[in-house]
Amino acid sequence: MELADLLGAQAGDDGQPKKESPLKSLKVDLDFYSESIKETAVEIMAEGFSAYPIFVAHQHEVSLGELILDKNELGTEWSVHASSLEEFIERGIVKEERKAHFIKKYKKPEDFMCVFVIVPEGANFVYYPYQK
């Protein structure tokens, strides 16, 4: 899933004015964080921790992965934790029987960050390109 898909999913067609999606601020923050996230992904892979780094973006407290970018310290809207496919399987977020499917869909980590976006309505994976 792409970030644009989630942004589009926020549009209400119930006649009410659309509220500003919190995902718009996520795009801004991911662009700002891009270099740091890419460096972390490369480090995770180079150190042999995982071939599949996953970054958890959230606006509340989560206990998944390790905090790498704190919105309170950085004056941004979103915090980001670094995690991995292995932790997601261990925690039951990705089922063991879905591992091969996840790997097949996983985009090239040198070009895209894999972000697990957590919002009050739920959570989903998105792939977001690094800034050039």
Side-chain angles (χ1 to χ4, degrees):
M1 177 170 276
E2 303 295 333
L3 189 58
D5 297 334
L6 282 177
L7 288 170
Q10 300 297 310
D13 50 3
D14 58 0
Q16 298 295 318
K18 289 192 292 188
K19 289 193 290 187
E20 186 71 17
S21 170
L23 297 173
K24 291 191 187 296
S25 65
L26 176 59
K27 181 183 183 317
V28 171
D29 285 359
L30 289 179
D31 288 344
F32 178 69
Y33 294 155
S34 184
E35 189 175 320
S36 295
I37 290 175
K38 187 171 188 175
E39 286 175 10
T40 303
V42 168
E43 190 175 309
I44 288 169
M45 293 182 295
E47 296 289 328
F49 293 120
S50 179
Y52 306 98
I54 299 172
F55 297 91
V56 182
H58 58 90
Q59 294 181 307
H60 304 90
E61 292 300 313
V62 299
S63 59
L64 182 61
E66 183 177 319
L67 181 66
I68 60 167
L69 298 161
D70 185 346
K71 67 184 176 95
N72 297 319
E73 289 180 12
L74 298 168
T76 55
E77 299 286 324
W78 293 80
S79 291
V80 176
H81 286 214
S83 185
S84 65
L85 174 57
E86 292 78 3
E87 181 180 9
F88 272 60
I89 291 170
E90 185 180 301
R91 298 276 195 109
I93 298 166
V94 173
K95 302 292 182 208
E96 182 68 44
E97 59 270 12
R98 301 287 296 161
K99 178 180 178 180
H101 177 76
F102 183 91
I103 291 171
K104 184 178 177 185
K105 296 289 184 185
Y106 192 87
K107 291 191 177 187
K108 190 174 179 184
E110 294 81 10
D111 298 330
F112 292 89
M113 58 183 90
C114 176
V115 185
F116 188 65
V117 182
I118 302 173
V119 293
E121 296 79 23
N124 211 335
F125 289 98
V126 296
Y127 290 91
Y128 192 71
Y130 291 112
Q131 298 301 299
K132 301 280 183 215

*Lys38 side-chain N/O to Tyr130 backbone N/O, donor-acceptor pair under 3.5 Å*: no
*asked:* Do the side chains of Asp31 and Lys27 get close enough for a salt bridge, i.e. N-O under 4.0 angstrom?
replied: yes
*Are Val80 and Val119 grouped together when hydrophobic residues (ILVMFWY) are joined by side-chain heavy atoms under 4.5 angstrom apart?*
yes
*Taking the side chain as every heavy atom from C-beta outward, state whether Phe32 and Trp78 have any pair of such atoms under 4.5 Å apart.*
no
*Is there a donor-acceptor pair closer than 3.5 Å between any side-chain N or O of Asp29 and the backbone N or O of Thr76?*
no
_Value rounded to 0.5 Å, distance of OH in Tyr52 from OG in Ser83_ = 15.0 Å
*Is there a side-chain contact between Phe116 and Phe88, using heavy atoms and a 4.5 Å cut-off?*
yes
Contacts under 3.5 angstrom, residues 93-105 side chains, donor-acceptor by atom type, not counting sequence neighbours:
from	atom 1	to	atom 2	distance (Å)
Lys95	NZ	Gly92	O	3.3
Arg98	NH2	His101	NE2	3.4

*asked:* To the nearest 0.5 Å, what is the distance between OG on Ser34 and OH on Tyr128?
replied: 8.0 Å
_Pairing residues for Glu47 by the side-chain contact (heavy atoms from CB on, under 4.5 Å) criterion, not counting sequence neighbours_ = Glu43, Phe49
*Does a side-chain heavy-atom distance below 4.5 Å link Asn124 with Val117?*
no
*Go through the structure and list residues passing side-chain contact (heavy atoms from CB on, under 4.5 Å) with Ser84, not counting sequence neighbours.*
Ser50, Glu86, Glu87
*Any chain of hydrophobic side-chain contacts (each under 4.5 Å) joining Met45 to Val115?*
no
_Sequence-distant partners of Asp70, salt bridge (Lys or Arg N to Asp or Glu O under 4.0 Å), two or more places apart_ = none
_Test of understanding: with side-chain contact (heavy atoms from CB on, under 4.5 Å), list the residues that count as partners of Ser36, not counting sequence neighbours._
Leu69
*So, the side chain of Tyr106 versus the backbone of Leu85: is there a donor-acceptor pair under 3.5 Å, distance only?*
no
*Give the minimum heavy-atom separation between Pro129 and Met113, together with the two atoms involved.*
O-CE, 4.4 Å
*Sub-4.5 Å side-chain heavy-atom contact between Tyr127 and Asp111*: no
With a cut-off of 3.5 Å and sequence neighbours excluded, list every side-chain donor-acceptor pair involving residues 53-68.
from	atom 1	to	atom 2	distance (Å)
His58	ND1	His60	O	2.3
His58	NE2	His81	NE2	3.2
Gln59	NE2	Glu77	O	3.3

*In terms of heavy-atom contacts, does CD of Glu35 have more than 12 from other residues, nucleotides or ligands at under 6.0 Å?*
no
